[in-house]
Every structure is written in C-alpha cells, then in structure tokens.
There are 2 protein chains.
Amino acid sequence: MFNQFRSKFPLSEEKWNQYMGYFNRIEVPAKTTLLEEGEISKKLFVIEKGCIRVWFNHNGKDLTSQFFFENQSVASIESFMKKFPSPVFVETIEPSVLWWIHKNDVDTIIEEIKEIPELRDRLIDMLFQRTFDYMKHFFSFIKDSPAQRYQSLIEEKPQIVQRVPQHYIASYLGVSTVHLSRIKSKLLREK
Amino acid sequence: MFNQFRSKFPLSEEKWNQYMGYFNRIEVPAKTTLLEEGEISKKLFVIEKGCIRVWFNHNGKDLTSQFFFENQSVASIESFMKKFPSPVFVETIEPSVLWWIHKNDVDTIIEEIKEIPELRDRLIDMLFQRTFDYMKHFFSFIKDSPAQRYQSLIEEKPQIVQRVPQHYIASYLGVSTVHLSRIKSKLLREK
DNA sequence: GCCAGACGATAACATTTGTTATCAAATGAA
DNA sequence: TTCATTTGATAACAAATGTTATCGTCTGGC
C-alpha cells in the first residue's frame, strides 16, 4: 500500500519501517461509521480501496461536506488535531479497505518530521493547499449557480459524480435532491 | 503599532528591530486599490486603522470574498505565497493607515522563524486555524439560509455589519443587494 | 426468487431569491 | 452651498429552488 510513496520521503529504512508499523489494515462494509459526531477523533484513515464521506446532521437533515477516495487520508480534522468533540460523522460509502494510525503515533511522526526541513516544508505546503481548496469551494458558492457547481464537479471531480449516490452530492452542492435531479435532466435535454 | 505584539515573540532585541525595520507605514484614502487582479502580489499589509476588502469580478459583478480590520494582515494569499497572478483585487473600504512589508522580507523572516520551534508551531497553528475558518464559512452555505447567515454575521462578526457598505456584504453572503435589504427589513419587522 | 429498503425521476404547488426600475437619503468633492 | 455619486429601500414581476407526494427501478440479503 505505502511502498508507492516510499521514494518521496527522505527517511532511513529504519524510520520508514517504524512509521509503517504504526498502520493497521481493516476491511469494512459500506455504510460503516468510522467516527461518530461528538466523539474525539483518535484515528487517521488512509484509503486503499473504497470511498468515504464526512457528514453532519442539521435539523434532521443529512448534510455531506466532503468525499474521499483511494490514497487520500481522512479524519475529522479539527477533532483529530485539537481533541475537540467531532462536529461530523465519518462513514464509508462503498465497501472499503483502510489503513488507520493512532493519533499518538501521528503526533510522534509530526514531531520528528518537523526537524527535517524538506518534510516540514511539505507539511506546511499541504496546509496551504488545503486552505486554497476550501477557498475555491467557498468562491463557487458566491459566484456560481447550483447548475454551474454541478458542471464543475463533473469536470473537476468526476469520481464524485460517478461513484457517490446522488442524494449525498445534492447536499454537498447545497441543493435539495429534487433540484439536483432537475439539474441533471435539464443537462441531458440540452445535449 | 507593533509594540503591542512584542512580548509574544521570543526574539532578540536585534532580530525584532531588524524585522520591524522591514515595515513601511502608509496612509491611503477609501477605495484605494492595493492589488490589481492579474498582478503578482509582492506586499503583505497589516492594518493599523481602517478596513479592507478582497473582491473579484465575475461576469461584470463585483463579488466580495473577505473583509479585514485593525491588526489583521492582508494579502492575496495564494498569489503572495506562490507568485501566481492574483485572482482578486485588494481594496480599502475606509481611509486607512497601513504597514506593508515586501515578500522578500517575509520570506527571510519565515525561513528564520521555522528554526524556532515555538514560532514555527505557531505558524502551523495559524494555517490550521485559517483552514478551519474557511470550513466553517463553507458549512454555513450548505446548512443555512441567507437570512441565517446574516444573523450569524451580526453575532460573530459585528464589525462587518457595522462598518461595511451593505452591497459588499450581500455578495459575501451570496445574495443580491435587494434580497439582503429584504432580509434586514424582515428582521426589523419581526422584532 | 422474493421482498424490503435505497435510490432516483417527476409533478404540483409553495416559497425563496433574482432582476429591473424607481425613489429617497446620505455623502463627498468643488 | 450645490451637485453628482453612492448607498439603500421598495415594488412588481420573473426565475430558481424547496417541499411533499407518488411511482418505478434497482439492489442486497434471506
């Protein structure tokens, strides 16, 4: 699973093996809850196969805020980093093969990584990049209609449209399931 | 201006004075453009007095994405960090007193700060915090109506409601100026 | 194979939001 | 002051979006 990334990390064989030893492989069915709302996140997941969504309950409605696929890492990030009760659920969409690592071990790795300039800079870059991604997503809500947001999703994140049930996508785009269905049928008719 | 922050930075008197020497004070009228769209951002601004907005043009419409007030630092962050052409304008709303520092000097400071564990961790924390702020703002678009977003703004960022012209706030909330006006008058009538 | 539940399309209607136009008040520059 | 510009409220109408309900299809488990 992780050997494909080996060459990207300037670590000794011992360190690499130590870090790899922290990970645990699990296989779970679809709709498995990996983290409950209110719980404090202790595990970071990496997806070998499958897909995961992050969602929360608002006035009885199931609202999805993020999707994750193969080779991405997933956690309720604020809960995981700051030990807050998680505002969100983390749940598999498809049957999945996951690797998880305990927060204590992540902390160990980060403390050590911070002393390696190349990796420390990479960490900081990742944080910036994530911020940029959120900014872009936020911009789309003030400049685009739901139909345009759906178009962008098809072009920029086709995996979501192809693999995720439509009613999860609807809340991610900020519209009702009925309206998303309308958007799709209008797109078809216009082709 | 910066002496109020002196105690927060474990720096020698020399380093502190060196860093402070990088800053330049300017006074500008309202509606001064500090950065044009397409330009590569070279200056980071800190606001001593006044207020600034970040906006972009979309199909002829003026859309505001952020507001900044006293003691905050402002830049087109992606352009400043990665030397991309800026996707946004940066413009004063009120007559303002600003301190700016050149990107080269910021780079120097960051390189040096990264070697001081306490300050490096603070930098990483700031990046996390900014990401959380964007996440929260994005969440509000999938869970709240425009009227609820306006209510939250009153409660959480009263400065914006008090000091910023209403038509800038409208696009920040993702609604038309007419509709924001309706939201306000409905709030008044219901009290 | 059978069945319950999940998923998605559609219609009818209600509500929200945008658009355009007009007017009034506030503001700033000469 | 005076006048043009900016700002904001409101009305009337159009368009977008939500809600509720119904139906058909598909799927997974037994």
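Throughout, protein chains are lettered first and strands after them, A, B, ... in sequence-line order, and every chain is numbered starting at 1.
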So does A/K49 pair up with A/E70, basic N to acidic O under 4.0 Å? yes
Distance below 4.0 Å between A/K186 side-chain N/O and D/dT17 OP1 or OP2: no
Salt-bridge contact A/E78-B/K136 (side-chain N to carboxylate O under 4.0 Å): no
Quick one: A/Q148 CD to D/dA15 C1', roughly how many Å, whole number? 14 Å
Using atom OH of B/Y150 as one end and atom P of C/dT16 as the other, report the distance to the nearest whole Å. 18 Å
Quick test of your reading of the model: are B/E115 and A/R120 salt-bridged, counting only N-O distances below 4.0 Å? yes
DNA chain D: A/K61 or B/S185, which has the more 5' nearest nucleotide? B/S185
Should B/K184 be listed as having a side-chain N or O under 4.0 Å from OP1 or OP2 of D/dG8? no
Note, B/N24 side chain near B/K43 side chain (heavy atom, < 4.5 Å): no
Check this for me: does the side-chain of A/R182 come within 3.5 Å of the base of C/dG8 through a donor and an acceptor? no
Between atom CG in B/L173 and atom P in C/dT17, what is the gap in whole Å? 12 Å
Identify, residue by residue, the members of residues 151-168 of chain A with a heavy atom below 4.0 Å from DNA chain C, and return them in order of residue number, or none. A/P165, A/Q166, A/H167
Which nucleotide in the set D/dA9, C/dT10, D/dT17 lies at the smallest distance from any side-chain heavy atom of A/S181? C/dT10
Would you find a donor on one side and an acceptor on the other, under 3.5 Å apart, between the side chain of A/T92 and the backbone of A/T32? yes
Between A/R53 and A/T64, does any side-chain donor sit less than 3.5 Å from a side-chain acceptor? yes
When you match A/V178 and A/A147 each to their closest nucleotide on DNA chain D, which lands nearer the 5' end? A/A147
Just the rounded figure in Å: distance from C1' of C/dT16 to CG of B/L180. 15 Å
